[in-house]
Amino acid sequence: MATFSDLRTLLYLSMLLLSIMVASLTTTSADFYRDAEINWGDGRGKIIEGGRALTLSLDQYSGSGFQSKNEYLFGRFDMQLKLVPGNSAGTVTTFFLSSQGAGHDEIDFEFLGNATGEPYTVHTNVYAQGKGNKEQQFQLWFDPTATFHTYSIVWNQQRIIFMVDNIPIRVFNNYESIGIPFPKNQPMRVYCSLWNADDWATQGGRVKTDWTKAPFVASYRNFNINGCVSGSTCGSQSTDSFNTQAWQTQGLDANGRNRLRWVQQKHMIYNYCNDRPRFPQGFSEECKRLFVVIAFLLASSSAGNFSQDVNITWGGPRGQIQNGGQVLTLSLDNSSGSGFESRNQFLYGRIDVQLKLIPGNSAGTVTTFFLSSLGSAHDEIDFEFLGNSSGQPYTIHTNVFAKGVGNKEQQFRLWFDPTTAFHTYTIVWNSQRIIWLIDNIPIRVFINYESNGIPFPTNQPMKVYASLWNADDWATQGGRVKTDWTKAPFTATYRNYNANVCVVSTTGNSCNNGTVSSQAWQTLGLNANDRNRIRWVQTNYMIYNYCTDVQRFPRGFPKECRLPRF
């Protein structure tokens, strides 16, 4: 029989083993001094802001680069990057993983510079045992030089996922079972560089680097690694606690497949799997699997059709469904606004819509996308976009009502112009929390604290609503700036509506009667990367939080303000 001393020794050894295992798993936010080393460029690479950021520069003499101090065998690697602005033709900015040697493995993000006014090309590739030739290229749906965006590589034993702002753009699956090499045995480092490649990078080398624009500078920040340091046990087949890390089995849920389909339909400009002149004797074996996957995505993960999913409920011809149900526009003039609602009501779900807001002087207007039940004790979850005077940013207004009580406003400015292109606005509503996301970046979370006496929307089915209306008595600068009707009609455009929800009908709840299987959104919360993103948004772009409004709550803030936010 074990003695107390034996048990104490066993406990000590267990704690020691746990500390070693924890040390082997790296989950860090950016500190370039700690995690990286500048390995070439003779001073053109600089760590700044106390290690939180790093810049690489290129002139006619040299580029520059850095590498991670550790090697990794599997992990999730995130980097925020702001690319070279203006005329960057001929330059290549990179973020990639690689081992060494002729038979090396490699996973690439390469950003091929552009002539002013032309979009960057995002070049991706995978090498396994020294063999690559698996290129896919994309053009981004935003200006990657105007602000930082997050580029991610998830590498596990089943697949590699390339992501931009947490939106998957490419997946490379492990098909070793049919003889296709896959990177899984060689530890890799993270590398980043900025260099001249004007012999091929821009329009096949036809546009050369303009050295009068030098030095060219790319900026990196928020370097985050959640992975297995080479030599650790967390990437092994053992059943230790590290194998519960989400990235180790990460794939695509229904929403991820829908986003991947959208990117590959709208923004892919080259795919080696359909380049017949390059592969006249036939495509690689994985391409056959890829075609099957894409066909499945198109068949089973299509975005909603407005003609089938919503009714225009007011405004007459000011609300119009176009392009066979793929696009819906709402307009506002000095006689009326317009709006629509979903045909189904539901209890919990994930609802995504892409929206392009009114350009120019939209002061006094409010564009909305929200969920609501009916009645005086209704529940409601709001996105409201408060119009602006020309040149001023929109205000994003969010709120939650439970049992008829709201007063939980948070407001934000955006880090992009929401009038020049479509962006995705998402509400996730499950029994644990509500999450607001923009381009899959969380901006706000409202947690279910019913156990603390705080009402939460749990029982009333809601519909999706959207509208465009005049609110110049309060919307812009508290009502000081009025709607300029000479600019009417004002128009907002919606597309790619997707409702992944538990439909409530006379036959019951689709999630309870077996017609809808378990979905990721039903337990969705925030992982470490999401928490970093929401802190970034709330630190830099939140302009109002009811939980800090002392004048409004002189007797003390609402109870949820004192509880954990995420």
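No hydrogens, no waters, no symmetry mates; every other heavy atom, side chains included, goes into these values.
Here the straight-line distance linking atom CD of Q354 with atom NZ of K266 works out to 9.0 Å at 0.5 Å rounding. Here the NZ atom belonging to K356 is positioned 5.0 Å from the CZ atom belonging to F422, to the nearest 0.5 angstrom.
The minimum heavy-atom distance between G251 and R159, with the atom names listed, is CA-NH1, 3.6 Å. A pairwise comparison of heavy atoms in F138 and I169 identifies CZ-O, 3.3 Å as the closest pair. Here the closest non-hydrogen pair linking L73 and N185 is CD1-C, 3.9 Å. Of all non-hydrogen atoms in G90 and T202, the two that sit nearest each other are N-OG1, 2.8 Å. Closest non-hydrogen pair, C502 versus Q522, comes out as SG-NE2, 3.7 Å. In terms of heavy-atom proximity, P144 sits nearest to H149 at CA-CD2, 4.3 Å.
The only member of R170, E110, K134 that meets side-chain hydrogen bond (donor to acceptor under 3.5 Å, both in side chains) when paired with T124 is R170. None of I38, I47, I48 except one satisfies the side-chain contact (heavy atoms from CB on, under 4.5 Å) rule with F32; the exception is I47. Among N500, T426, D253, N430, the single residue meeting the side-chain hydrogen bond (donor to acceptor under 3.5 Å, both in side chains) criterion with W521 is N500. Each of V400, N448, V445, V428 was checked for a side-chain contact (heavy atoms from CB on, under 4.5 Å) with I434, and the lone residue meeting it is V400.
Using modelled atom types, one finds no donor on one side chain facing an acceptor on the other under 3.5 Å when comparing Q538 with R444. Side chain to side chain, S98 and R189 fail the donor-acceptor criterion of an N or O pair below 3.5 Å. T424 and D352 are not linked by any side-chain donor-acceptor pair at a separation below 3.5 angstrom, with hydrogens and angles left out of the test. Using a 3.5 Å distance cut-off with no hydrogens or angles, the side chains of T398 and Q410 do not pair a donor with an acceptor. A donor atom on one side chain and an acceptor atom on the other are not found under 3.5 Å apart for N174 and Q158. Using modelled atom types and a 3.5 Å distance limit, the side chains of H267 and Q139 yield no donor-acceptor pair.
Checked against a 6.0 Å centroid threshold, the rings of F142 and F416 do not count as neighbours. Aromatic ring centroids of Y191 and F96 lie under 6.0 Å apart. Annotation: Y72 is in aromatic contact with F77 [ring centroid separation under 6.0 Å]. Between Y175 and F182, the distance from one ring center to the other does not fall under 6.0 angstrom. For Y220 and F66, the ring centers sit closer than 6.0 Å to each other.
Within the 4.5 Å cutoff, no side-chain heavy atoms of V84 are placed close to those of T145. Side-chain contact check for N496 versus W262: some heavy-atom pair is nearer than 4.5 Å. Here the side chains of R535 and F566 are in contact, with some heavy-atom distance below 4.5 Å. Taking 4.5 Å as the limit, some side-chain heavy atom of Q250 sits within range of a side-chain heavy atom of I161. At a threshold of 4.5 Å between non-hydrogen side-chain atoms, the residues L97 and I153 count as touching. Contact annotation: the side chain of F223 approaches that of D35 to within less than 4.5 Å [non-hydrogen atoms, C-beta and beyond]. Side-chain atoms of Y449 and P564, non-hydrogen and from C-beta on, do get closer than 4.5 Å to each other. Residues M79 and N222 have side chains not in contact (no heavy-atom distance under 4.5 Å, counting atoms from C-beta outward).
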Quiz item: Going through the distances and angles, do V171 and I160 end up as a side chain to side chain contact (heavy atoms under 4.5 Å, CB included)?
Solution: CA-CA 6 Å; V171 177; I160 298 162; over 6 Å; no

Quiz item: Does the pair T150 and Q80 meet the rule for a side chain to side chain donor-acceptor pair (under 3.5 Å), with working shown?
Solution: CA-CA 4 Å; T150 303; Q80 286 197 322; 3.1 Å; yes

Practice problem: I would like to know whether I438 and W415 meet side chain to side chain contact (heavy atoms under 4.5 Å, CB included); could you show each step before the answer? | Solution: CA-CA 10 Å; I438 298 176; W415 49 96; 4.2 Å; yes

Quiz prompt | Step-by-step side chain to side chain donor-acceptor pair (under 3.5 Å) determination, N196 to T209 | solution = CA-CA 8 Å; N196 180 49; T209 305; 2.6 Å; yes

Quiz item: Step by step, would you call R276 with F283 a side chain to side chain contact (heavy atoms under 4.5 Å, CB included)?
Solution: CA-CA 8 Å; R276 292 192 182 277; F283 297 122; 3.5 Å; yes

Quiz item: Between F369 and I427, is a side chain to side chain contact (heavy atoms under 4.5 Å, CB included) present by the stated rule, with each step listed?
Solution: CA-CA 9 Å; F369 161 52; I427 296 171; 4.3 Å; yes

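Residues passing the ring-ring contact (aromatic ring centres under 6.0 Å, His included) test with Y544: none are found, sequence neighbours excluded. In terms of the side-chain contact (heavy atoms from CB on, under 4.5 Å) criterion, residue partners of K69 (sequence neighbours excluded) are, by chain and number, E37.
In terms of modelled atom types and a separation under 3.5 Å, the side chain of K46 and the main chain of T55 share no donor-acceptor contact. At least one donor-acceptor pair closer than 3.5 Å links the side chain of D59 to the backbone N or O of S62. In this structure a side-chain-to-backbone donor-acceptor pair under 3.5 Å is present from R52 to E49. With W141 contributing its side chain and V263 its backbone, the two residues share no donor-acceptor pair below 3.5 Å. Remark: the backbone N or O of V217 is not paired with any side-chain donor or acceptor of S57 at under 3.5 angstrom. Side-chain atoms of R44 come within 3.5 Å of backbone N or O of G41 as a donor-acceptor pair. At distances below 3.5 Å, at least one donor-acceptor pair connects side-chain atoms of N156 with backbone N or O atoms of W247. In terms of modelled atom types and a separation under 3.5 Å, the side chain of S68 and the main chain of N70 share a donor-acceptor contact. Here the side chain of W195 pairs no donor or acceptor atom with the backbone of L58 at under 3.5 angstrom. Judged purely by atom type and a 3.5 angstrom limit, D530 uses its side chain to pair as donor or acceptor with the backbone of N527.
For residues 81-96, the pairs satisfying side-chain hydrogen bond (donor to acceptor under 3.5 Å, both in side chains) are S88-N114, S88-Y120, T94-S193, with sequence neighbours left out.
Look at D210 and K208 and you find no salt bridge, because none of the NZ, NE, NH1 or NH2 atoms lies under 4.0 Å from a carboxylate O. A salt bridge between E560 and R565 is absent, with no side-chain N of the basic residue lying under 4.0 Å from a carboxylate O of the acidic one.
The aromatic rings of F385 and Y425 lie perpendicular to each other, with more than 60° between the two planes, well past the 30° mark.
Taking the ring centre of Y272 as origin, the terminal cationic atom of R278 falls outside the region bounded by 6.0 Å and 45° from the ring axis. Within the cation-pi definition used here (under 6.0 Å to the ring centroid, within 45° of the axis), R221 qualifies as a partner of F148.
Around the CG atom of D42, the shell of radius 6.0 Å holds no more than 12 heavy atoms that belong to other residues, nucleotides or ligands.
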